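Notes for the one structure printed next.
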Amino acid sequence: MNDKWMVLVIGLANVWLSGCSVFYTPGMSELEELCEKDGGITIRKDLRVDGYFKGTTQDCYGCWNDIIVSGYDYIEFNYERPRFHRYFEGGAGYHRIFKAPKDSPQCNAAIWKWNLSKKVGSEQYDRFFEDYCIASKPIDQPTAQYGYFEESEEWRVNDWYGSTIGRFYAEIRDLGSAEVIGKRVTYLLNPWPKSALSYGKVFDCRDIGKYRSPKGYGRDLRSAVFKSE
């Protein structure tokens, strides 16, 4: 078989594997069932907070943007995996980054040098650094009342097409009582991972007609629950 015929055959195979989604999308019925079961966002109450514990990171790289952009006063985290640039003195363990006056001795020079100095020229960042810096310090234990956590899993729902569904779970939890204040469940269906023509095409609950906006499905859980002081 010459090269031209080979290209044609591969192209037709990809079209066939795409499954003519107008008629059939493998995994869609499973996705709809899951969305019906628990997809979406559930909020027990709104919270006024000036910071929180971020349980989704091992080094909190970029967490300072939560302070500069989202208006929190501090973020706490467990420093489990220091990067090449050692941003936080004191090594592994719990740390806090926080907004401080720009002349504070606790201003973190490493964060400024290796990251934030590159943000100069952005209006929002420039306004922040007129009066403040990002400071940091090690702490013995988290002092925040609430923490944000995530977990995910993926499984195959169609062996022929290789279709997979991923479940992404996030929750905000009271660190003292373990009460779940809010949670968000997201499902993503990848129907044709073997097809080059459909590469990157995924579906979630919003792609199912009656779930165009299911229980605030598209909202970020932190911005939905946390109201910065």
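We count residues from 1, following the sequence as given. Source: prediction; values computed, not measured. Just so you know, these numbers use all the heavy atoms, side chains as well, and skip hydrogens, waters and symmetry mates.
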Quick one, [X] and [Y] - any side-chain contact, counting heavy atoms below 4.5 Å?
X      : Y      : result
Phe168 : Val185 : no
Ile208 : Met28  : yes
Asn108 : Phe88  : yes
Phe77  : His95  : yes
Phe98  : Asp73  : no
Tyr94  : Gln141 : yes
Trp64  : Phe128 : no

query: What residues form a salt bridge (Lys or Arg N to Asp or Glu O under 4.0 Å) with Lys183, not counting sequence neighbours?
result: none
message: How about CD on Glu33, more than 12 heavy atoms from neighbouring residues, nucleotides or ligands closer than 6.0 Å, or not?
response: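 Result for CD/Glu33: open.
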message: Filter on salt bridge (Lys or Arg N to Asp or Glu O under 4.0 Å), then keep only pairs touching residues 148-172, sequence neighbours left out; what's left?
response: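 Non-adjacent pairs meeting salt bridge (Lys or Arg N to Asp or Glu O under 4.0 Å): Asp38-Arg167, Glu171-Arg173.
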- prompt: Out of Tyr148, Tyr74, Tyr52, which one pairs with Asp66 under the side chain to side chain donor-acceptor pair (under 3.5 Å) rule?
  reply: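 Of all the options given, the one that passes is Tyr52.
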- request: Could you walk me through whether Arg96 and Thr143 pass side chain to side chain donor-acceptor pair (under 3.5 Å), step by step?
  value: CA-CA 9 Å; Arg96 168 189 278 225; Thr143 62; 2.7 Å; yes
